[in-house]
Amino acid sequence: MNYDWQHLLKTYKSHVKATDYVLEIGASTLSRTKKLAKYCRKLIGVELIASRIPKTKSPKIKYVVIDWQNLSSKIKNNSIDLAVSSHVIEHVPDDLLALKELHKVLKPGATAIINTPNRFRLARSIIEIFTGPRKFPWWEHVREYSYDDINNLCLNSPFKKYSIEPLIFGFHNGYFKIYFKKVPKTFIKYANYWEICLTK
């Protein structure tokens, strides 16, 4: 299991209550969805593509097919206690609109937990010394975020309270893993991931 997901789950557990209605944006991995649903009253899984929706008989899990940029057309405003999104926002064409829609459906005081790769993570920064900067869109990513990018997105969103935590410094992929879980202050720019907590 990837450390960024483990950390997000830990943050989630520190916020979630058994009575909560939870929104998972990008709910195509059933094992993860079940882990989230275990701690809440009801989980609504959001997927853009219907064929990616897993089959489950869990009465706690319901799926909807919708674009994050249009959440409020199918999710009632002020109805969600906690939202989670792992590696989705970098795929969304209008990320600011996505956060505005998320703000609409969250209850006052509710929290959203989002993680996303760092544009300047160590491995990518080393590769780009030789190849030049990666041009976006790339593969399915519309963009990736530096610390300043994600901070500016949060500043321009309707959320007035937020935190950005750097996760992992080093090499962390399917083939090669040598890293520090806690990012040294000097190397925050080169962290692998950002975990963002937004409070309405």
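The structure presented is a predicted model; accordingly, all values stated were derived computationally and were not measured.
A 4.5 Å side-chain heavy-atom check between Ile61 and Thr33 finds at least one atom pair inside the cut-off. Put simply, the side chain of Ile196 reaches to within 4.5 Å of the side chain of Cys154, judged on heavy atoms. Using a 4.5 Å heavy-atom threshold, the side chains of Val183 and Leu167 count as separate. Annotation: side chain of Val84 is not in contact with side chain of Ile25 (no heavy-atom distance under 4.5 Å). In this structure, the side chains of Cys40 and Leu82 stay at 4.5 Å or more apart for every pair of heavy atoms.
Sequence neighbours left out, the pairs with a member in residues 78-100 that pass ring pair (Phe, Tyr, Trp, His ring centres under 6.0 Å) are His87-Tyr193, His91-His141. Within the structure, the ring pair (Phe, Tyr, Trp, His ring centres under 6.0 Å) test picks out no pair touching residues 16-73 (sequence neighbours left out).
When every heavy atom of Glu47 is checked against every heavy atom of Ile53, the shortest pair comes out as CB-CG1, 3.8 Å. Between Glu128 and Arg119 the shortest heavy-atom distance is OE2-NH1, 2.9 Å. Counting all heavy atoms, side chain and backbone alike, Ala191 lies closest to Pro166 at CB-CB, 3.6 Å. Closest approach of Lys34 and Thr56 over heavy atoms only: CE-OG1, 4.2 Å.
Not a single donor-acceptor pair under 3.5 Å links the side chain of Thr29 to the backbone N or O of Arg32. When atom types are taken as modelled, the side chain of Arg52 and the backbone of Ile49 share no donor-acceptor pair closer than 3.5 angstrom. Put simply, the side chain of Lys60 never gets that close to the backbone of Leu43: no donor and acceptor are under 3.5 Å apart. Not one N or O on the side chain of Asp20 forms a donor-acceptor pair closer than 3.5 Å with the backbone of Val22. A donor-acceptor pair under 3.5 Å is absent between the side-chain atoms of Asn156 and the main chain of Leu153, judged by distance alone. Under a 3.5 Å cut-off, the side chain of Lys62 and the backbone N or O of Gly45 do not form any donor-acceptor pair. Between the side chain of Asn2 and the main chain of Asp4, no donor-acceptor pair closer than 3.5 Å is present.
Clustering ILVMFWY residues whenever any of their side-chain heavy atoms sit less than 4.5 angstrom apart, transitively, puts Phe171 in the very cluster that holds Tyr190. Hydrophobic clustering places Val88 together with Val64 (ILVMFWY residues linked when any side-chain heavy atoms are closer than 4.5 Å, directly or through intermediates).
Every residue two or more places apart in sequence or in another chain that forms a ring pair (Phe, Tyr, Trp, His ring centres under 6.0 Å) with Tyr179 is listed here: His172. Not counting sequence neighbours, the partners of Ser79 by the side-chain contact (heavy atoms from CB on, under 4.5 Å) test are Ile75, Lys76. Evaluation of the ring pair (Phe, Tyr, Trp, His ring centres under 6.0 Å) rule for Tyr147 yields Trp194 as partners, not counting sequence neighbours. Qualifying side-chain contact (heavy atoms from CB on, under 4.5 Å) partners for Lys107, counting only residues two or more places apart in sequence or in other chains: Asp81, Ala110. Leu155 meets the side-chain contact (heavy atoms from CB on, under 4.5 Å) test with Asn151, Asn152, Tyr162; sequence neighbours excluded. The side-chain contact (heavy atoms from CB on, under 4.5 Å) search around Lys161 returns Thr199, not counting sequence neighbours. Among residues two or more places apart in sequence or in another chain, the side-chain hydrogen bond (donor to acceptor under 3.5 Å, both in side chains) test is passed with Ser73 by Asn70.
Side-chain heavy-atom separations under 4.5 angstrom define the hydrophobic clusters, and Val142 shares its cluster with no other residue. When hydrophobic side chains of Ile, Leu, Val, Met, Phe, Trp and Tyr are connected at separations under 4.5 Å, Trp139 ends up clustered with Phe136, Trp138.
Looking only at atom types and distance, the side chain of Asp95 has a donor-acceptor partner in the side chain of Tyr145 under 3.5 Å away. Of the N and O atoms on the side chains of Lys200 and Asn78, at least one donor lies less than 3.5 Å from an acceptor on the other residue. In the model, Thr11 has a side-chain atom that pairs as donor or acceptor with a side-chain atom of Glu195 under 3.5 Å.
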Please tabulate, one pair per line, all N/O donor-acceptor pairs under 3.5 Å involving side-chain atoms of residues 97-106, not counting sequence neighbours.
| from | atom 1 | to | atom 2 | distance (Å) |
| --- | --- | --- | --- | --- |
| Glu101 | OE1 | Leu71 | N | 3.1 |
| Glu101 | OE1 | Ser72 | N | 2.7 |
| Glu101 | OE1 | Ser72 | OG | 2.7 |
| Glu101 | OE2 | Ser72 | OG | 3.3 |
| Glu101 | OE2 | Lys104 | NZ | 3.0 |

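Using a 4.0 Å cut-off between charged side-chain N and carboxylate O, Lys182 and Glu165 make no salt bridge. A salt bridge is absent between Glu144 and Arg124; no separation between the charged side-chain nitrogens and carboxylate oxygens falls under 4.0 Å.
The distance from the SG atom of Cys197 to the OH atom of Tyr12 is 13.5 Å, given to the nearest 0.5 Å. Taken from CG in Leu23 to CD1 in Ile80, the straight-line distance is 5.0 Å, to the nearest 0.5 Å. Going from atom CD1 of Ile114 over to atom OG of Ser85 covers 5.5 Å, rounded to the nearest 0.5 Å. To the nearest 0.5 Å, atom OH of residue Tyr3 and atom CG of residue Asn192 are 11.5 Å apart. Atom CD1 in Ile168 sits 12.0 Å away from atom CG in Leu122 (nearest 0.5 Å). Between the CD atom of Gln69 and the CG atom of Asp94 there is a distance of 5.5 Å, given to the nearest 0.5 Å.
Between Phe187 and Phe169, the ring center distance clears the sub-6.0 Å criterion.
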